[in-house]
Number of protein chains: 2
Amino acid sequence: MLKIAKSVEYALLALKYIHERQDLDCVSTKVISDSVVIPYELLAKIMQRLVKDEIIISQQGTKGGYKLAVPPDKINITRIINAVEQKVQVTDCLVETPTLNDCKRYQDCCLRNPLNQIQIKINKLFDELTLGEIIQYN
Amino acid sequence: MLKIAKSVEYALLALKYIHERQDLDCVSTKVISDSVVIPYELLAKIMQRLVKDEIIISQQGTKGGYKLAVPPDKINITRIINAVEQKVQVTDCLVETPTLNDCKRYQDCCLRNPLNQIQIKINKLFDELTLGEIIQYN
DNA sequence: TCATATACGACTTAAAAAGTCCGATATAAA
DNA sequence: TTTATATCGGACTTTTTAAGTCGTATATGA
């Protein structure tokens with residue numbers, strides 16, 4: 001439990017790789033997937049999500065690829081997570097106005113409140129961590 | 001991603017229920033599963049794990065059941081989580097001396113270090129939260 | 001116009017979580 | 001001492017989610 005999705009790890013690794021190759025105009029999915037060892041098709045999908053969220057900029061066609069849209073220390077991990085994953089919750093019933101569908105015992109669920117506190121604190125951890133801090137290792 | 005296992009939620013709910021029924025000598029799995037609405041067989045397994053970790057005390061046979069082994073504010077959530085779940089890690093490769101089996105890119109994995117920092121902070125959140133604090137709601 | 005890219009959706013497979021079943025042992029009470 | 005009601009413990013099945021794959025369309029530099 002409490003596991004970070006592979007797609008988030010792959011996104012971080014790919015973003016690091018792109019940053020290291022700033023000298024190049026852009027880096028292709030193929031090159032990244034070969035270098036970092038990430039399944040090509042999967043990485044391709046992740047890259048597209050990062051483009052949508054304007055974390056990277058794409059260049060289509062031959063000699064195409066991606067480059068960072070923002071310097072690494074201006075991007076926090078929350079933004080990357082949200083770009084790549086949809087369900088990022090400690091428990092399912094942490095929605096504004098839960099119904100029986102979201103929380104079987106929503107009328108007197110003693111867990112929702114404290115778990116929400118946990119959720120807020122975990123979110124804060126990722127808010128305060130930037131891509132720049134991650135990629136400084138190694 | 002980052003989801004808390006149902007078994008942990010069930011454990012917390014069950015422990016709360018037992019605490020509320022301190023007046024009784026002990027509470028059976030049947031009564032808890034009916035009251036809190038948790039699948040009986042699943043809860044039975046969870047209760048056994050809580051016994052093994054000496055969070056609750058069991059009384060076998062007719063009129064048997066469980067009671068808390070310790071007051072709720074003396075049990076932190078980490079202990080409950082560890083009793084009930086085995087794999088509680090942000091990423092798989094957070095082991096002492098990772099091999100290629102644990103981490104495909106362990107030789108120059110730039111993620112292990114920062115993710116471990118995250119792991120430590122999340123662990124701290126659960127260390128500092130007691131069952132007493134959880135069950136005070138509602 | 002061709003080779004090499006990204007874009008996007010649908011699909012399949014694999015792994016993990018959740019839930020079930022079964023046979024055993026313990027024990028209070030009839 | 002028998003019976004009903006519990007816990008105990010492992011194996012198993014089902015469901016859900018995550019991970020990975022495939023196919024087709026579009027863009028673009030050489």
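Here is the naming used below: chain letters follow the sequence lines, and residue numbers restart at 1 for every chain.
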Shortest side-chain distance from B/Y10, nucleotide among C/dG19, C/dT6, C/dC8: C/dG19
Nearest-nucleotide comparison on DNA chain C, the residue closer to the 5′ end among A/G65 and B/E85: A/G65
Listed nucleotide nearest any side-chain atom of B/K63, set C/dA3, C/dA28, C/dT6: C/dA28
B/K16/B/E20 ion pair, N-O < 4.0 Å: yes
Closest-nucleotide 5' rank along DNA chain D - winner of A/L43 and A/G61: A/L43
Nucleotide C/dA14, atom P - distance to CG of A/L42 in whole Å: 15 Å
Nucleotide of C/dT6, C/dC21, C/dA18 approaching B/E41 most closely (side-chain heavy atoms): C/dC21
Protein-nucleotide distance (B/D92, atom CG; C/dA16, atom C1'), rounded to Å: 11 Å
Span of DNA chain D, from the first to the last nucleotide whose atoms fall under 4.0 Å of chain A heavy atoms: D/dT17 to D/dG29
Sugar-phosphate only, base, or nothing, as touched by B/Y40 at under 4.0 Å among non-hydrogen atoms: base
Whole angstrom value for the distance that separates P of C/dA7 from CE of A/M47: 9 Å
Taking every non-hydrogen atom, the tightest pair across B/S33 and B/L43: N-CD2, 3.6 Å
Nearest-angstrom distance from the residue atom CZ of A/R49 to P of C/dC8: 12 Å
C/dA7 OP1/OP2 closer than 4.0 Å to side-chain N/O of A/S58: yes
Any donor-acceptor N/O pair under 3.5 Å between C/dG19 base and B/K45 side chain: yes
B/I32 side chain near B/M47 side chain, heavy-atom distance below 4.5 Å: yes
Under 4.0 angstrom between B/S7 side-chain N/O and C/dA17 OP1 or OP2: no
Ion pair check, A/R49 and A/D53, cut-off under 4.0 Å: no
Spatial distance of atom CG (A/L125) from atom CD1 (A/I77) [nearest 0.5 Å]: 11.5 Å
Separation of C/dT6 C1' from A/K67 NZ (nearest whole Å): 15 Å
Between B/T78 and B/D127, a side-chain donor and acceptor under 3.5 Å: yes
Over 12 non-hydrogen atoms of neighbours within 6.0 angstrom of NZ in A/K3: yes
Heavy-atom closest contact (B/S28 atom, B/G64 atom, distance): CB-O, 3.9 Å
Options C/dA18, C/dA28, C/dT6, nucleotide nearest the side-chain atoms of A/Q60: C/dT6
Spacing between A/I57 atom CD1 and C/dT6 atom P, to the nearest angstrom: 15 Å
Separation of C/dC22 C1' from B/Q48 CD (nearest whole Å): 13 Å
C/dT4 phosphate, OP1 or OP2, under 4.0 Å from A/K30 side-chain N/O: no
Interatomic distance where CG belongs to B/D25 and P belongs to C/dT27 [whole Å]: 14 Å
